[in-house]
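Written below as structure tokens is the structure these notes are about.
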Amino acid sequence: MAVAEEKTSPEKSWHAIVLQTLKRNDIRLVPYVPDRVLTPLIKNLHADPFFTTFATTREEEAVGIVSGAWMGGMRSAVLMQTSGFATLANVLASLAVPYQIPLIMFVSERGTLGEFNYGQSLVCRTMRPVLDSLAMEHHTATRIDEFEFIVDRSIKQAVATQAPVALILSPLLTGGKVFDK
Amino acid sequence: MSSNPARNTKVMNRFDLTSRLVAKLKHEEAVIGGIGNTNFDLWAAGHRPQNFYMLGSMGLAFPIALGVALAQPDRRVFALEGDGSLLMQLGALSTIATLKPKNLTLVVMDNGIYQITGAQPTPGAAVADIVAIAVASGLTNSSWAADEDDFERLIEASMSAAGPTLIGVRIDDKPGTGTTRRDPVQIRERFMHGIGVREPL
């Protein structure tokens with residue numbers, strides 16, 4: 001019973017941990033491209049006046065915006081799903097990595113653990129090879145008890161080392177998206 | 001060169017227009033140069049620490065400028081983008097129109113060609129009207145500059161506008177003047193110093 005309560009308590013949800021950890025690290029700007037799984041996080045970011053959060057038309061556009069914001073002295077992070085990450089190789093290799101910008105990305109992971117869309121499952125397999133080929137830091141979050149540590153330390157490392165980081169949100173953490181049609 | 005009647009304005013020169021813009025900057029305004037010729041001419045117009053020069057990520061001059069404008073709402077931010085680059089990231093116009101940063105001026109250098117890759121015509125060269133696209137994207141304060149004087153007038157007007165401004169200019173196909181030094185970390189550090197985010201080295 002206690003475990004069930006802890007699991008459903010809003011303060012302990014994965015998205016509450018993201019929001020609180022962003023705030024603690026003074027990350028105020030959060031552009032995103034929507035994703036079903038990210039919906040509660042996006043909704044809560046919009047509801048909190050601490051954050052400037054808005055939809056962009058492409059993930060690379062959001063990366064451009066947060067790169068400019070970082071140079072202007074404002075910390076920020078980008079939210080997207082796996083297929084959106086797949087569009088980013090150029091901007092990572094020509095902006096974030098060579099200019100040494102601490103780009104913080106939260107990627108909702110589609111394409112694994114019960115994926116029902118063949119296109120999503122193939123795209124998912126391109127993600128980690130791209131991250132590895134750019135020598136980019138990335139972590140896959142699967143457990144709620146480790147999640148705050150991973151998010152908080154990754155943000156601090158990205159800022160301190162001026163290097164991008166991808167935090168991949170596994171369905172094991174978020175519940176993912178299930179086939180409902 | 002485009003035969004699109006929508007671009008019924010004087011054909012000007014990018015380096016000349018960029019020099020006219022830079023001459024008006026008195027308050028450490030930020031200027032983001034797109035890839036290729038827009039940032040070659042920005043460099044050649046007289047390097048300033050408040051200039052940021054892109055080395056890739058085609059189409060992101062406006063998003064990068066938006067980020068700077070959001071981070072520093074009291075600083076005027078200019079962005080110089082080519083028509084081919086803008087066509088690659090048209091959605092950014094809607095995002096900017098929605099956020100309405102009043103400190104952002106967008107300049108589109110339109111010669112209808114991908115000049116730096118061999119001067120091939122862009123897909124929109126003969127048919128698309130960049131300023132009409134911007135207006136339809138929600139950037140209502142968008143206009144073509146009729147000539148050099150009109151460009152200067154529009155730049156000055158943008159500095160006190162109540163929302164973002166987009167200025168379209170028809171330019172010739174002369175190559176950029178000068179070449180930007182290509183050290184990305186140096187470019188970024190100098191820019192951050194120039195806009196007050198970093199201490200001098």
Side-chain angles (χ1 to χ4, degrees), chain A residues 26-34 45-46 49-80 84 87-105 134 159-164, chain B residues 30 32 34-35 49-75 77 79 81 85-86 88-101 103-104 137 182-198:
Chain A
D26 198 32
I27 292 179
R28 294 172 179 272
L29 185 71
V30 190
Y32 60 86
V33 179
L45 290 168
H46 274 291
F50 178 84
F51 296 101
T52 299
T53 190
F54 51 88
T56 59
T57 61
R58 290 182 68 79
E59 292 77 6
E60 60 180 356
E61 182 198 355
V63 171
I65 292 166
V66 302
S67 298
W70 164 257
M71 293 191 289
M74 180 182 262
R75 291 188 185 184
S76 44
V78 182
L79 315 179
M80 69 190 82
T87 69
L88 291 182
N90 179 51
V91 72
L92 296 175
S94 67
L95 182 65
V97 172
Y99 285 90
Q100 296 182 10
I101 290 168
L103 167 67
I104 296 157
M105 296 178 285
L134 288 165
V159 171
T161 65
Q162 300 191 109
Chain B
I32 312 301
I35 65 166
Q50 295 80 26
N51 292 352
F52 180 75
Y53 308 97
M54 289 165 63
L55 298 169
S57 56
M58 184 172 176
L60 293 188
F62 289 176
I64 291 169
L66 172 61
V68 176
L70 291 172
Q72 300 203 357
D74 296 329
R75 184 185 303 275
V77 181
E81 189 66 298
S85 290
L86 179 59
M88 198 168 273
Q89 201 68 237
L90 279 179
L93 298 176
S94 300
T95 307
I96 293 166
T98 300
L99 293 171
K100 303 181 180 67
N103 57 329
L104 185 56
S137 300
R182 293 193 170 105
D183 180 332
V185 172
Q186 187 187 64
I187 290 169
R188 180 188 50 71
E189 279 292 326
R190 206 162 37 194
F191 178 69
M192 292 176 78
H193 172 218
I195 62 169
V197 177
R198 286 275 204 267

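Sequence lines set the chain letters: A, B, ... in the order given, protein chains first and strands last, and positions in each chain run from 1.
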Choice from A:Val91, A:Val63, A:Thr57 maximising heavy atom contacts with chain B below 4.5 Å: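 It is A:Thr57.
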
Tell me, out of A:Met71, A:Arg28, A:Met74, who's got the most heavy-atom pairs with chain B below 4.5 Å.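 Looking at each of A:Met71, A:Arg28, A:Met74 in turn, A:Met71 comes out on top.
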
Measure distances from [X] to the heavy atoms of chain A and classify the residue's part below 4.5 Å as side chain, backbone, both or neither.
X        : value
B:Ile187 : side chain
B:Leu55  : both
B:Leu99  : side chain
B:Arg198 : side chain
B:Ile64  : both
B:Val68  : both

Quick one: pull up [atom1] in [X] and [atom2] in [Y] and give me the separation to the nearest 0.5 Å.
X       : Y       : atom1 : atom2 : answer
A:Arg58 : B:Thr95 : CZ    : OG1   : 12.0 Å
A:Phe54 : B:Thr98 : CZ    : OG1   : 9.5 Å
A:Leu95 : B:Ile35 : CG    : CD1   : 12.0 Å

Flag the one option from B:Gly56, B:Gly196, B:Ser94, B:Ala92 with the top tally of heavy-atom pairs under 4.5 Å to chain A.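 Among the listed options, the one with the most contacts to chain A is B:Ala92.
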
By a 4.5 Å heavy-atom criterion (distance strictly below it), what part of A:Ala55 contacts chain B: side chain, backbone, both, or neither?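 The answer is the backbone of A:Ala55.
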
Any donor-acceptor pair under 3.5 Å from B:Ser57 side chain to A:Ser94 backbone: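 Absent.
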
Trace of the side-chain contact (heavy atoms from CB on, under 4.5 Å) decision for A:Tyr99 with B:Phe52: CA-CA 11 Å; A:Tyr99 285 90; B:Phe52 180 75; 3.5 Å; yes

Just by distance, with hydrogens left out, do A:Gln100 and B:Glu189 show a side-chain donor and acceptor under 3.5 Å apart?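 A:Gln100 vs B:Glu189: no donor-acceptor pair found between side chains.
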
If every non-hydrogen atom of A:Ile101 is compared with every non-hydrogen atom of B:Arg188, which pair is closest and at what distance?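 Closest approach of A:Ile101 to B:Arg188: CG1-CD, 3.8 Å.
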
Could you tell me which non-hydrogen atom of A:Ala69 sits nearest to which non-hydrogen atom of B:Ala71, and how far apart they are?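 In this case the closest contact between A:Ala69 and B:Ala71 is O-CB, 3.6 Å.
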
Could you give me the CA-CA distance, side-chain angles and deciding distance for B:Phe62 and A:Glu61, then say whether side-chain contact (heavy atoms from CB on, under 4.5 Å) is met? CA-CA 9 Å; B:Phe62 289 176; A:Glu61 182 198 355; over 6 Å; no

